[in-house]
Amino acid sequence: MIRWSIKSLLSEGAGVVASCFGVAFAFLLVMFFSAVFSGESERIVAYPTQVNADVWVMQKGVANMHMAMSQLWDWKQDRINTIEGVKETESILYLNAVIHAGDRDWFTYIVGLTGSTTFSGPWSMHSGKPIPARSEAVIPDMLSRLTGLKIGDRIKIVDKYFTIAGLSSGTFSMANSIVFVSYDDLADIMSAGSTVSYVMVRANEGVSAEKLASRILNQLEKVNALPQKQFIANDHHMAMQMGVEIISMMTVIGSTLALIIVAFTSYVFIARKKRDLAIAKAIGFANQQIYMSVLIQSLTLTFSGLVLSAVFSLLLFPLISVAAPEVFLKVTASSIIEMAIPALIVAAIAALWSARQVASVDPVSVFHE
Amino acid sequence: MIVQLVLRRIQSHPYRILLSVLAISSVISLVLVLEGFREGIYQQIRHMVTSRGADVIVSQAGVSNMIASRSLLPQLSRIEIEKIEGVLQAHPLTTLPVIYRQGNRSTPVFVLVYDTLGGPAEIEQGRSIEKERDIVIDKSLSAIYGLQPGDDFIISDFRFKVVGLSKNTAAFFAPFSFISYDDLIDLYFDSDIVGDLSTLPLLSFLLVEVSRNHDPKEIISKIESLIPRADAFLPEQIAENDVAMSRSMLGVVFQLMIVIAYVICVLVISLIMFSAIQARKHELAVFKAMGFNRMGLSKLVFIETFVLTTLAIPIANIFAYLLAQLIHDVAPVYLILSNETGPVVRTFVASLLFALLGSLLSLRSVVRLDPALAFKN
């Protein structure tokens, strides 16, 4: 019976192929949505990940960077430098702002760097200089590609014009591209002299980040200090949470669509094979065996769709990233596994729907006509 | 004759036709939901700016956006603007991005600090701010964290009390909250940087009320010539700037998702038409044997597809509306405008075209039909 069900399903040819592709694209839509959020969430933490400090110090009550605002007196950095276990520190000013580049507005994170910076600037350069002087900016290479702006051209941040001095790599994202300017320029824009947004601390060898963070918390008032791992996890977690409901809804919609496609295919298949099923019933096949064959068909269709969607995502997503470089997609094994759960539910419901039809087949109908 | 044949077939297989229509409706409703999602994001942004109640919005020079953008105006600009003839009042508004945390969950929240104008336009539950430490939060925060009027709402270790839940106050994937200036000052005092308040955003925008006898555009040019450190906009103008920025961020993603949805549309329709052709191979072979040429049979398939898709369109509209409501109930921070005229018309025209493309894929099996099949049992 199982052999018969798979053989007869395959004999449907183009119909089954269209059905499999339909299911695959329904799941692909969900995967794409999830990949956008995963990709963006990874890009959101690109800066703190690459800076690779041991401890991040910020304003009390602040615990992350994405869409946050933090301000500390700059003398606190000097105090941190005197704390036991601190090897070196660097600080930045940081602002969420809309910049004007190439006739378009872009939502960006502006990082103000001091001239002496060694590890808080761009971590990889496409071209030009990494540390901007006054009235200079280092923009993501992708922004340069999308706008056609080159080194020497100008961008506008708030009401000030900046000359592009360098193009950094790995700093572009749809939600938070990073533009580096000098500390003094950003302080002027923010009217924020003598303050910094974050202090990044590197620990002496053998000093754990957790211990150093709690030492800083104990010795400085009105600050928050977090080990790098936790700081990054906070940002990543929040970015993913921003999309969690909508991803769940898209999963439900995509799965429902897949369910309709599988149920429709099964319905058409059973309607066409009604006579064969009646014969099977007439010659003594038990209902359970026939139900099993229907379940196997639904499972085969759904999982073929799921596997196809995974293959498509692996093939198509890199192409999408080439055609639309501003979109950074990340497919994770977990996102594919998460799709398998609704897929299983889809297959089971579609099989139930089909089983109801099978149960209604009258063995006597084989003797009609 | 072909149209009659199609209608006859619809009448004779109502159950199958119903299923086909439902399947096509589902795919079209998916496209409508995606289009509605995009429109909803833009609409939320427009609404957040235009519902602040101003005739003219003044920002820091060079700042032409309101949502997710930092603006810092000189304190004295308010007095100067109120001296301009035709200006009734300039109301201060400050924006503050914060992260709200509860348990393991955190959400970015845009706090709007207002005095006499710019507060929540619609309060669904509770009241607006009246006392110290009052806060009105968007209802999506209530849905996520189970917050109700009377609950504490802690931002940067500073304790507010929720007094109201506002609606239509989310934009750019984030909810908004509303507090008073007194509490903003207290919040700043509670933080570190109180030695120099000028370093903190105290005045982001001015919401200008213009007298009825004056043209807001005329006031805009007066403000810009009087205060070089400020720019002035009509609310619609600044809203469109925000929409344009959001388009440059999200446009490609939505475009790609809509393309995928249309591919599903083509595949589902080709599946339906292919199955329909397979189911009545014998009938179509009879038509071929009777002298129907390829064109005639193709017309039959096209017209059937057209009728099915046309029948599916109103149902798709209903499905999309229900899905939009469901999404809004589960995640109230999102607004899905699935029934906006422009996207609906665009989707329906595209769906008809893609439906015909889907039927083209199944045409091959019609063309290859052997008329001799008509004489087989």
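Protein chains get the first letters and strands the later ones, always in sequence-line order, with residue 1 at the start of each.
- Of the two parts of B:Leu96, only the side chain, counted from C-beta on, holds a non-hydrogen atom closer than 4.5 Å to a non-hydrogen atom of chain A.
- For chain B, the option among A:Ser70, A:Ala63, A:Ala68 with the highest count of heavy-atom pairs below 4.5 Å is A:Ala63.
- The CG atom of A:Asn234 sits 5.5 Å away from atom CZ of B:Arg101, with the distance rounded to the nearest 0.5 Å.
- For the pair B:Thr107/A:Met238, no side-chain contact is recorded, criterion being any heavy-atom separation below 4.5 Å from C-beta on.
- With a 4.5 angstrom heavy-atom cutoff, A:Val327 touches chain B only via side-chain atoms.
- Only the backbone of A:His66 comes within contact range of chain B, with at least one heavy atom under 4.5 Å from a heavy atom of that chain.
- Between chain A and the options B:Asn104, B:Val33, B:Leu22, the largest number of non-hydrogen pairs under 4.5 Å is found for B:Asn104.
- Rounding to the nearest 0.5 angstrom, the gap separating the CD1 atom in B:Ile260 from the CZ atom in A:Phe33 is 11.0 Å.
- Rounding to the nearest 0.5 angstrom, the gap separating the CG atom in A:Leu329 from the CG atom in B:Leu256 is 8.0 Å.
- For chain A, no part of B:Ala244 is nearby; none of its heavy atoms comes within less than 4.5 Å.
- Contacts between A:Phe32 and chain B at a heavy-atom distance below 4.5 Å involve the side chain alone, from C-beta outward.
- Under the 4.5 Å side-chain criterion, counting only non-hydrogen atoms from C-beta, A:Asp105 is in contact with B:Asn65.
- Note that the CH2 atom of A:Trp106 and the CE atom of B:Met245 stand 11.5 Å from one another [nearest 0.5 Å].
- Put simply, the side chain of B:Ile327 reaches to within 4.5 Å of the side chain of A:Ile253, judged on heavy atoms.
- Between A:Met190 and B:Arg70, the shortest heavy-atom contact is O-NH2, 3.0 Å.
- Listed here is the closest heavy atom pair of B:Ser26 and A:Ile260: OG-CD1, 3.0 Å.
- Most heavy-atom pairs under 4.5 Å with chain A, from the set B:Val252, B:Val98, B:Leu267: that is B:Leu267.
- For B:Phe110, the part lying under 4.5 angstrom from a heavy atom of chain A is the side chain only.
- In this structure, CZ in A:Phe107 is found 8.0 Å from OG in B:Ser69, a value given to the nearest 0.5 Å.
- The neighbour count for A:Asp103 CG, taken as heavy atoms of other residues, nucleotides or ligands under 6.0 Å away, does not exceed 12.
- Within the 4.5 Å cutoff, side-chain heavy atoms of A:Arg104 are placed close to those of B:Ser248.
- Contact between A:Gly22 and B:Ile264 at its shortest, heavy atoms only, is O-CG2, 4.3 Å.
- In terms of non-hydrogen atom pairs under 4.5 Å with chain B, the most contact-rich of A:Leu257, A:Leu95, A:Thr256, A:Asn96 is A:Leu257.
- When heavy atoms are compared at a cutoff of 4.5 Å, B:Leu30 approaches chain A solely by way of its side chain, counted from C-beta outward.
- Among B:Leu34, B:Ile258, B:Val263, the single residue meeting the side chain to side chain contact (heavy atoms under 4.5 Å, CB included) criterion with A:Leu29 is B:Leu34.
- Interface remark: B:Ser20 contributes backbone and side-chain atoms alike to the contact with chain A (heavy atom separation under 4.5 Å).
- With values rounded to the nearest 0.5 angstrom, B:Met249 atom CE is found 9.0 Å from A:Ser177 atom OG.
- Heavy atoms of B:Val266 lying under 4.5 Å from chain A are absent altogether.
- In this structure the side chain of A:Val98 never reaches within 4.5 angstrom of the side chain of B:Val63, judged on heavy atoms.
- Using a 4.5 Å heavy-atom cutoff, the side chains of A:Val158 and B:Gln60 are in contact.
- Side-chain contact between A:Asn64 and B:Ile99 is present, with at least one heavy-atom pair separated by less than 4.5 Å.
- Between B:Val253 and A:Met174, some side-chain heavy-atom pair lies under the 4.5 Å cut-off.
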